[in-house]
Each structure stands twice: as C-alpha cells, then as structure tokens.
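One structure coming up, written as structure tokens, with questions to follow.
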Amino acid sequence: MTQQHDGMDVAAAGEHSGAAGEHSGRDLVVRARSLDLSFGAHHVLKDVSVDVRRGRVVGLVGESGSGKSTLAKAIVGMNRIDEGELEVVGEDVSRPSRAQRHRLYRRVQYVPQDPYSSLNPRRTIGQTLAEAFEPNRRTARGRTDLIAEVLTRVQLDPSLASRYPHEFSGGQRQRIAIARALAVGPELIVADEITSALDVSVQAEVIRLLADLRLKGADHSMLFITHNLAVAQVVCDDIIVMRHGRIVETGPVDAVFADPADQYTRTLLDSVPGAKGFSLT
Ligand SMILES: Nc1ncnc2c1ncn2[C@@H]1O[C@H](COP(=O)(O)OP(=O)(O)OP(=O)(O)O)[C@@H](O)[C@H]1O
Ligand SMILES: [Mg+2]
C-alpha cells in the first residue's frame with residue numbers, strides 16, 4: 001500500500017479517494033486512478049494513482065526501469081493506458097484521440113532528456129521559439145520581444161536568437177528546450193531527466209534555473225522526473241516514489257526526505273550521497 005504523509009499535496013488515491021488531501025478536479029493538472037499499462041507481456045504500470053496539484057512542482061523518482069518515463073508519456077498522450085482513468089488539465093485522456101493530442105500540445109509540454117534530438121538543427125533558436133509562440137504572435141516586432149523575453153527568462157542573451165542548436169553547449173540547449181516549453185504557455189510541463197545527460201556543473205546551472213523560475217512564481221505546474229533525489233529536493237515541492245511500476249510513497253518533499261515512510265524510499269535516500277541537506281551553494 002502507498003505510504004502517505006500528512007499535509008501532502010500529491011495524493012495517492014484509489015482506496016484513499018475522499019480522504020483528506022483529495023482535491024477537486026479543478027485543482028488538479030494530473031488525476032490518475034488505477035492506471036495499468038503493459039508492453040506486450042511486460043506489465044510496466046501497476047495500479048498507479050497520483051494527483052498533481054495546479055501550481056506545484058512534483059518530482060517523480062525511482063530506479064531505472066521503474067516506469068517513470070512510461071507514466072510521463074501516458075500523461076502527455078504518447079502512451080496509451082490499458083486500464084484506469086487519466087485526466088490531464090481537466091481532459092480525460094484515457095484514450096486520447098489525435099485531435100485531443102493536438103489540443104493538449106498547447107496545454108501540456110514534454111521536455112525530453114536529450115535536447116539535441118528535440119530541437120530542429122536547421123532552424124535558428126529564434127525560429128524555433130517563434131513557432132512555439134505561434135497563436136500569440138501579432139507582429140514581427142511583438143515576436144522579437146517575446147523571443148527576447150523568454151530567452152532572458154532562461155538566462156540566455158537575446159542576441160543568441162539568430163544561432164543554430166549546434167552552436168550551443170548541452171546545458172544551453174537544455175535551457176533552450178525549457179524556453180520553448182515556456183513559450184507555448186502550458187499549464188503543465190513534464191520534464192523527463194532533463195539534467196541527467198549533462199555534466200555535474202552544468203546540471204547545477206539548469207537546476208538553479210528551475211529553482212529560480214519556481215521562486216519567481218511560474219504559472220505552470222511541473223512533473224519533474226529524475227534519478228537524483230538531491231536534485232528533486234531542490235527543485236520540487238512534492239515527491240512521488242515509484243518502484244517496479246507501483247507508487248510506493250508520495251508527499252511533500254521535505255516530509256518524505258526527513259522521515260521516509262517506505263523502506264524503499266529510505267534505501268534510495270541512503271544510496272544518494274548528499275541527498276539529505278543537498279544545497280546548490
Ligand atoms: N515502448 C516500449 N516498448 C516496450 N517496453 C518498454 C517501452 N518503453 C518502456 N519499456 C519498458 O518498460 C519498463 C519501464 O521503462 P521506463 O522507461 O518507463 O523506466 P524509467 O523509470 O523511465 O527508467 P529510466 O530511469 O532508466 O529512464 C522498462 O523495463 C522498459 O524496458
Ligand atoms: Mg526514463
């Protein structure tokens with residue numbers, strides 16, 4: 001059974017439906033109930049129930065192969081669940097249609113691990129960002145201002161808009177991928193291991209940026225997937241711990257880290273040097 005912490009904002013539901021911590025659909029950007037998903041004979045998600053509240057940064061952690069990306073892709077409509085109910089930004093996406101996926105694109109943005117594969121090498125950064133802004137664009141002048149604004153938000157110089165992806169470092173490309181996701185103006189950003197391909201020092205830069213965006217009161221929610229519990233502690237409000245396709249623990253990140261209720265979470269924390277008291281300074 002899933003362990004829960006008092007005062008949690010990520011509610012493990014299912015048998016807990018209606019318990020304290022259950023929020024109405026309007027507050028939730030993700031509401032998953034008893035999800036099951038298999039690839040052939042391989043049962044990957046097992047009875048997964050999670051809530052992500054609007055405005056929160058929620059970490060999804062667990063060892064490699066535990067099903068984190070599979071769950072993330074179901075949430076953004078790239079994987080189809082076999083059983084259960086899945087609502088994302090208020091839409092039932094249990095069986096997403098093509099039209100629905102198209103509609104959700106502007107409301108839910110997926111940022112993958114490798115920004116090189118997700119940025120078009122033939123387009124300048126400015127062109128890529130302009131596409132993301134498309135429906136908001138009024139005039140060329142307005143577009144330039146928007147591009148400058150979003151580049152500044154991710155701490156890149158607006159003059160870089162005329163450059164191509166290969167002219168940037170891995171950390172800069174990942175910031176550009178974040179900028180593109182922000183430019184769309186989504187309600188939810190699903191960030192899947194966006195720092196794990198980067199050198200440690202560059203990881204810290206991207207993490208600082210995410211922490212900084214959070215401090216400035218970003219208006220999107222985020223599901224932040226990571227192997228690294230120390231990173232999760234800095235970036236996230238709440239945490240979901242997965243193991244072998246199941247949710248084993250959920251709750252506010254500080255409460256879970258201070259006093260993990262589940263043995264597996266304890267083992268995970270013990271195996272990460274510096275996970276307790278990790279700081280960016
Ligand atoms: N498209 C697919 N077809 C078949 N099996 C898949 C597919 N995607 C994932 N799997 C399998 O599902 C399991 C969970 O994979 P998933 O990528 O969700 O794990 P993860 O927690 O994201 O791992 P990591 O931390 O390494 O990214 C793995 O055993 C994986 O091999
Ligand atoms: Mg993964």
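One-based numbering, in listed order, for ligands and for the atoms of each.
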Give a yes or no on whether the backbone of Gln100 and the side-chain of Ser97 come within a donor-acceptor separation of less than 3.5 Å.
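Checking the backbone N and O of Gln100 against the side chain of Ser97, a donor-acceptor pair under 3.5 Å is found.
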Compute the minimum heavy-atom distance from Met242 to ligand 1 and say whether it is under 4.0 Å.
no
Nearest protein heavy atom to atom 23 (O) of ligand 1, by residue and atom, and its distance?
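Sorting protein heavy atoms by distance from atom 23 (O) of ligand 1 puts Gly65 N, 2.8 Å first.
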for atom 1 (N) of ligand 1, nearest protein heavy atom and its distance come out as Phe39 CE2, 3.6 Å
Does a side-chain N-to-carboxylate-O contact under 4.0 Å join Arg54 and Asp27?
no
For atom 12 (O) of ligand 1, what is the nearest protein heavy atom, given as residue, atom name and distance?
Val44 CG2, 3.3 Å
Is it the case that the side chain of Arg107 and the backbone of Val89 share a donor-acceptor pair, with hydrogens and angles ignored and the cut-off at 3.5 Å?
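Checked: pair present.
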Is the side chain of Arg175 donor-acceptor paired with the backbone N or O of Gly170 at a distance under 3.5 Å, no angle test?
no
What's the shortest distance from atom 28 (C) of ligand 1 to any protein heavy atom, and which residue and atom give it?
His42 CE1, 4.0 Å
Element-labelled atoms of ligand 1 that are located less than 4.0 Å from some non-hydrogen atom of Glu193:
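Counting from 1, the qualifying ligand atoms are 25 (O).
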Does Ser66 have a heavy atom less than 4.0 Å from any atom of ligand 1?
yes
In this structure, atom 27 (O) of ligand 1 is nearest to the protein heavy atom Ser69 OG, 3.9 Å
Which protein non-hydrogen atom lies closest to atom 25 (O) of ligand 1, naming both residue and atom, and how far is it?
Lys68 NZ, 2.7 Å
Ignoring hydrogens and geometry, is there a side-chain-to-backbone donor-acceptor pair from Glu131 to Arg180 under 3.5 Å?
no
Which heavy atom of the protein is the closest neighbour of atom 26 (O) of ligand 1, given with residue, atom name and distance?
Ser64 OG, 2.5 Å
Within the side chain of Arg266, is there an N or O that forms a donor-acceptor pair under 3.5 Å with the backbone of Ala261?
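Answer holds: yes.
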Counting N and O atoms only, with roles assigned by atom type, does the side chain of Gln233 sit under 3.5 Å from a partner on the main chain of Ala230, one being a donor and the other an acceptor?
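No; judged by distance alone, with no hydrogens or angles, the pair does not exist.
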Could you tell me whether a side-chain N or O of Arg106 sits under 3.5 Å from a main-chain N or O of Ala132, the two making a donor and an acceptor?
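Present.
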Closest protein heavy atom to atom 18 (O) of ligand 1, given as residue, atom name and distance to 0.1 Å
Thr70 OG1, 2.5 Å
Quick test of your reading of the model: are Asp51 and Arg33 salt-bridged, counting only N-O distances below 4.0 Å?
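So Asp51 pairs with Arg33 through a salt bridge.
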Under the 4.0 Å line, does any protein heavy atom show up next to atom 8 (N) of ligand 1?
yes
Within 2.8 Å of the Mg ion (ligand 2), is there any N, O or S atom belonging to Ser64?
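Under 2.8 Å: Ser64 has no N, O or S contact with the Mg ion (ligand 2).
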